[in-house]
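Notes for the one structure printed next.
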Amino acid sequence: MPALVPPPALLQNNESPLLLASGSHSRRRMLENAGLVFESLTPGVDEDSIKHQARKAGCNAATTALKLAEAKALAVAGGDAVVIGADQMLSCQDRWYDKPTSLEDARAQLRTLRGQTHCLHTAVVLARHGQVVWRHVEEPRLSMRAFSDTFLTRYLQAEGARCLSSVGAYRLEGPGLLLFWHIEGDSFTIQGLPMLALMAALRQMNVLLD
Ligand SMILES: Nc1nc2c(ncn2[C@@H]2O[C@H](COP(=O)(O)OP(=O)(O)OP(=O)(O)O)[C@@H](O)[C@H]2O)c(=O)[nH]1
């Protein structure tokens, strides 16, 4: 039985393998939905330490997200591959939030964010042969309704652990949409990857067909 060979990536040049340095299901899904063929690896990066150092050095959230994205891209041995690294920071009134670690954590975080506008500082980089060759940040702003505690309880019951995989404790493509009354920015970026800018960069690098 001949070894199964994956179908050629019809929309990209097979000479430049593509590697996603992220454990994010959302990022993987967006690239797969766009028809890209790639490998993915979860980078072993101490994000808390990088965030702490960046905050101490006076970096803003966008610069910190870039530093994290670069660290992830450079943490995987990509060989000849073009490596995608990404990171997303949430800030609201200069306070930075991390992914909630429990539903109680998610409840507390959403109670703080409701009725406010927060920013998702979303960075993506490309690296090749151990060098970062492209950087990009987008900062969508999302305004949450001042929803009731009853709504919040029902929302958490409906979403369950799914809301823990996102920095804002919501999936915009799911019931998370019900949390907002106004959104400025690209929905792909909110879900974790500024896809249009990333696809343009991959075309520039001759990874994707023009
Ligand atoms: N499905 C979904 N995921 C979201 C949404 N908003 C943010 N996220 C995810 O929230 C996560 C932000 O945390 P990061 O630290 O950037 O990434 P991560 O999930 O820890 O994965 P790594 O890249 O391995 O660090 C990403 O996985 C985003 O895709 C959303 O609206 N929908």
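In this text the structure is predicted, and so the values were computed from the model without any measurement. Ligands are counted one by one from 1 in listed order, and the atoms in each one are counted from 1 as well.
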| field | CA sep, side-chain torsions, deciding dist, call: Ser102, Asp105, side chain to side chain donor-acceptor pair (under 3.5 Å) | value | CA-CA 5 Å; Ser102 68; Asp105 201 12; 4.9 Å; no

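A donor atom on one side chain and an acceptor atom on the other are not found under 3.5 Å apart for Arg55 and His52.
For Glu39, the side-chain contact (heavy atoms from CB on, under 4.5 Å) partners at least two apart in sequence or on another chain are Leu19.
Taking the ring axis of Phe151 as reference, the NZ or CZ atom of Arg145 stays within 45° of it and closer than 6.0 Å to the ring centre.
If you look at ligand 1, the protein residues with a non-hydrogen atom under 4.0 Å away are Ser22, Gly23, Ser24, Ser26, Arg27, Arg29, Pro43, Glu47, Lys72, Ala86, Asp87, Gln88, Lys99, Ser165, Ser166, Val167, Tyr170, Arg171, Leu172, Glu173, Ile190, Gln191, Gly192.
A distance-only check finds a donor-acceptor pair linking the side chain of Thr122 to the backbone of Leu120 [under 3.5 Å].
In this structure, Tyr170 and Phe180 have perpendicular ring planes: the angle between them is above 60°, well past the 30° mark.
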